[in-house]
K.L.:
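Here it is, the structure in full.
In what follows, chains carry the letters A, B, and so on, assigned in the order in which the sequence lines appear, proteins first and then strands, with residues in each chain numbered from 1.
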2 protein chains.
Amino acid sequence: MVVGAASWAIDSTTDPMPESAIRPRKEFGKTIAADITHRLREEIIACALPPGEPLRFDVLRERFGASFTTLREALTALAAEGLVDAQEQRGFRVAPVSRQDLVEVTDARVLIEVELIRRSIQRGDDDWEIAVISTLHRLKRIEQRDPEHPLRDPEWKIAHRQFHQALVSACGSATLLAIRAELFDRAERYRHLSANFRPRPRDKAGEHQAIMQAAISRNADLATQLIESHIRSTADNVAKYATHLLDTE
Amino acid sequence: MVVGAASWAIDSTTDPMPESAIRPRKEFGKTIAADITHRLREEIIACALPPGEPLRFDVLRERFGASFTTLREALTALAAEGLVDAQEQRGFRVAPVSRQDLVEVTDARVLIEVELIRRSIQRGDDDWEIAVISTLHRLKRIEQRDPEHPLRDPEWKIAHRQFHQALVSACGSATLLAIRAELFDRAERYRHLSANFRPRPRDKAGEHQAIMQAAISRNADLATQLIESHIRSTADNVAKYATHLLDTE
DNA sequence: AACGGTATGATTTTCGAAAATATGGTCCGG
DNA sequence: CCGGACCATATTTTCGAAAATCATACCGTT
């Protein structure tokens, strides 16, 4: 299934197949609704759509080129993920942020991620080790290339997400992984929220390295301790530099 | 906003307002979509719609009297809850069941519910104690009245759900409570799955009573231990009596 | 001036038709 | 007799118009 693979890689100046030159409507999913769900999710996480922003259909319709119904489906899905707030008969809005919500998301992440790291360390095989090492390697490469504002770099965001995903990937529970992924997205939105006001990113590279080493050496107690302080210190940092955004809600 | 409050309380034999006598389309939510989401959820949990069953729009349209789009929105929401399986371009079906999924749901419930009980015991005030005691009282009353097949009694199901909800209600995290509620629903579906083949319900009343007492006396270690074995033994029971349904998927 | 009710405009929600896609069967060539 | 391409049908997915609902400003009354 590599149908439209070339369309984004090569400009269509000498395209032999005329219809494949058309920019595809669906980039991330087979259906338009799934595609828009994905795009909206990215924009909300990146705070391109700011927290609390009303999501009016007229505006979305023009922005995403889809009909009421399709948009409604996407918004319903995101509401279930906690990124959108559905107010019955009064439309949708980007889920608001609050200090309380940040604390809850952080707490829930610690509870679940600590457990999943522990399970992964116990169950992970060679492939798991390779995934952890290689995703961290890629992350460090990207950080070397452009050490300024990592959250502004889409590649860094993907690599960062994939490293944390790899760490827990051997836990054996698709159910808990899905919950973890939702919480990760909600936490990432808070990181973006404070990114513009944070003077300088602290040294996460060292933390990631230490977590990787603890995981690979199967030191579960150390790894879980490092993950917990990694999550909590990130959240503390967000709370510190986004105070003005969290208290006025 | 007590507009339609009388419609369910008093029969409309001498109703002064004619239009309020009409059976409302929306019983559980302000929108039809929310209403259908609720009704579909109940039917899936009760296994009135069996696991794996294809959910074709023609059939649903006639059954629920709603249009394609509205149904689609409801199914999308339920897919995010893990009760419906969305196969892109190939429609929806009731989420299939499996032994693996049962184990995952049980494990996740133990992880989260144990933590929430602990937090509730630490933080719960008088109102929490009253809620725990009164919901258990109501549950016991219903069990006395009809001790045969509790899962067939909608009132027992609601009371049972509310007792377990009350136990964790003081945990202080709406985020974790929402996750817990989803997992509870998924577990309840498995209980229904085995209910028809289980010869006789085991004595849950005693377990509930013991959990309540441990919680009220703020014995967190005992309460969490009781909750864990309560959840696990229920799941073991399901696995035992629904083997033929779990292995053929 | 303050209040309550009402008309008006804006916005969401719902609908069924139309387009897009998958499914199943048939025919043809090997 | 088997396998693959093609067509017809079944089903899902998408659309924009129409209905329902909400927000706001206006008006008359107290």
Side-chain angles (χ1 to χ4, degrees), chain A residues 1-4 7 18-20 22-40 49 52-80 84-95, chain B residues 1-5 7 17-20 22-40 49 52-80 84-95:
Chain A
M1 304 293 180
V2 253
V3 178
S7 61
E19 64 257 65
S20 76
I22 300 165
R23 174 71 175 282
R25 280 289 298 282
K26 308 165 190 174
E27 296 181 29
F28 301 112
K30 279 188 172 181
T31 65
I32 294 177
D35 187 46
I36 289 180
T37 304
H38 188 278
R39 288 206 279 156
L40 260 172
L49 291 167
E53 177 97 337
L55 296 165
R56 298 237 169 73
F57 284 101
D58 288 337
V59 182
L60 296 176
R61 208 150 160 279
E62 191 174 0
R63 198 190 230 275
F64 292 99
S67 71
F68 298 105
T69 323
T70 307
L71 288 165
R72 182 157 249 278
E73 185 181 330
L75 291 171
T76 303
L78 292 171
V84 158
D85 183 22
Q87 307 163 284
E88 291 197 342
Q89 304 283 25
R90 300 203 289 134
F92 299 83
R93 57 173 180 166
V94 179
Chain B
M1 304 291 180
V2 253
V3 178
S7 61
M17 297 166 74
E19 65 257 64
S20 75
I22 300 165
R23 175 70 176 281
R25 276 288 299 282
K26 309 164 190 174
E27 295 181 29
F28 301 112
K30 279 189 173 182
T31 65
I32 293 177
D35 188 44
I36 290 180
T37 304
H38 188 279
R39 288 206 279 157
L40 260 171
L49 292 167
E53 176 97 339
L55 296 164
R56 297 240 168 71
F57 284 100
D58 288 337
V59 182
L60 296 175
R61 207 148 160 282
E62 191 175 359
R63 197 191 233 275
F64 292 98
S67 71
F68 297 105
T69 323
T70 307
L71 288 164
R72 182 157 248 279
E73 185 181 330
L75 291 171
T76 303
L78 292 171
V84 158
D85 183 22
Q87 307 162 287
E88 290 196 343
Q89 304 284 24
R90 300 202 293 131
F92 298 83
R93 58 173 179 165
V94 179

K.L.:
Is the distance from OP1 or OP2 of dA23(D) to the nearest side-chain N or O of R90(A) less than 4.0 Å?
P.N.:
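Checking dA23(D) against R90(A), a side-chain N or O does come within under 4.0 Å of OP1 or OP2.
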K.L.:
Which nucleotide wins on minimum distance to the side chain of T31(A), given the candidates dT21(C), dT14(D), dT13(C)?
P.N.:
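When the side chain of T31(A) is considered, dT14(D) is the closest of dT21(C), dT14(D), dT13(C).
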K.L.:
Rounded to the nearest 0.5 Å, how far does CZ of F64(A) lie from CG of L40(A)?
P.N.:
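The distance works out to 4.0 Å.
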K.L.:
When the distance from CD of E88(A) to P of dT14(C) is rounded to whole Å, what number comes out?
P.N.:
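In whole Å, dT14(C) P and E88(A) CD are 9 Å from each other.
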K.L.:
Just how far is it from atom CZ of R93(B) to atom CG of L55(B), taken to the nearest 0.5 Å?
P.N.:
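Answer for the CZ-CG pair, R93(B) versus L55(B), is 10.0 Å.
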K.L.:
If you take all heavy atoms of Q89(A) and K30(B), which pair is closest and at what distance?
P.N.:
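Looking at all heavy atoms of both residues, the shortest contact is NE2-O, 3.2 Å.
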K.L.:
What's L75(A) touching, base or sugar-phosphate or nothing? Going by heavy atoms closer than 4.0 Å.
P.N.:
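Contact class for L75(A): none.
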K.L.:
For the side chain of R72(B), counting heavy atoms from C-beta on, which of dT14(D), dT13(D), dT11(D) is nearest?
P.N.:
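Shortest atom-to-atom distance from the side chain points to dT13(D).
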K.L.:
Nearest-Å distance, CG (L60(A)) to C1' (dT13(C))?
P.N.:
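Nearest whole value for this atom pair: 15 Å.
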K.L.:
Atom CG of D35(A) and atom P of dC15(D): how far apart are they, to the nearest Å?
P.N.:
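D35(A) atom CG is separated from dC15(D) atom P by 11 Å.
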K.L.:
CZ of R93(A) versus P of dA23(D): gap in Å, rounded?
P.N.:
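Computing the R93(A):CZ to dA23(D):P distance gives 13 Å.
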K.L.:
Between A66(B) and I36(B), what is the shortest heavy-atom contact and its length?
P.N.:
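Closest approach of A66(B) to I36(B), heavy atoms only: CB-CD1, 3.2 Å.
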K.L.:
For residues F68(B) and R61(B), report the shortest heavy-atom separation together with the two atoms involved.
P.N.:
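It is CE1-NE, 3.8 Å.
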K.L.:
Roughly how many Å is it from CD in Q89(B) to C1' in dA19(C), rounded to a whole number?
P.N.:
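For the pair Q89(B) CD and dA19(C) C1', the rounded distance is 12 Å.
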K.L.:
Quick check on dC15(C): is either OP1 or OP2 less than 4.0 Å from any side-chain nitrogen or oxygen of T70(B)?
P.N.:
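True: T70(B) side-chain N/O within range (under 4.0 Å) of dC15(C) OP1/OP2.
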K.L.:
Check the distance between dT9(D)'s P and D58(B)'s CG and give it to me in whole angstrom.
P.N.:
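Rounding to the nearest Å, CG of D58(B) and P of dT9(D) are 17 Å apart.
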K.L.:
Rounded to whole angstroms, how far apart are CG on L55(A) and P on dT13(C)?
P.N.:
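These atoms are roughly 12 Å apart.
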K.L.:
Collect all protein-nucleotide pairs involving nucleotides 16-18 of chain C in which both atoms are nitrogen or oxygen and the distance is under 3.5 Å.
P.N.:
unit_1: dG16(C); atom_1: O6; unit_2: T69(B); atom_2: OG1; d: 2.7

K.L.:
What's the CZ-P distance between F57(A) and dA20(D), to the nearest Å?
P.N.:
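Atom CZ in F57(A) sits about 18 Å away from atom P in dA20(D).
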K.L.:
For a quick test of reading the model, state the closest non-hydrogen atom pair linking A33(A) to A74(A) and the distance between them.
P.N.:
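Heavy-atom minimum between the residues: O-CB, 4.1 Å.
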K.L.:
On a heavy-atom basis, which atom in F92(B) and which in R72(B) lie closest, and how many Å separate them?
P.N.:
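Looking at all heavy atoms of both residues, the shortest contact is CE1-NH2, 3.9 Å.
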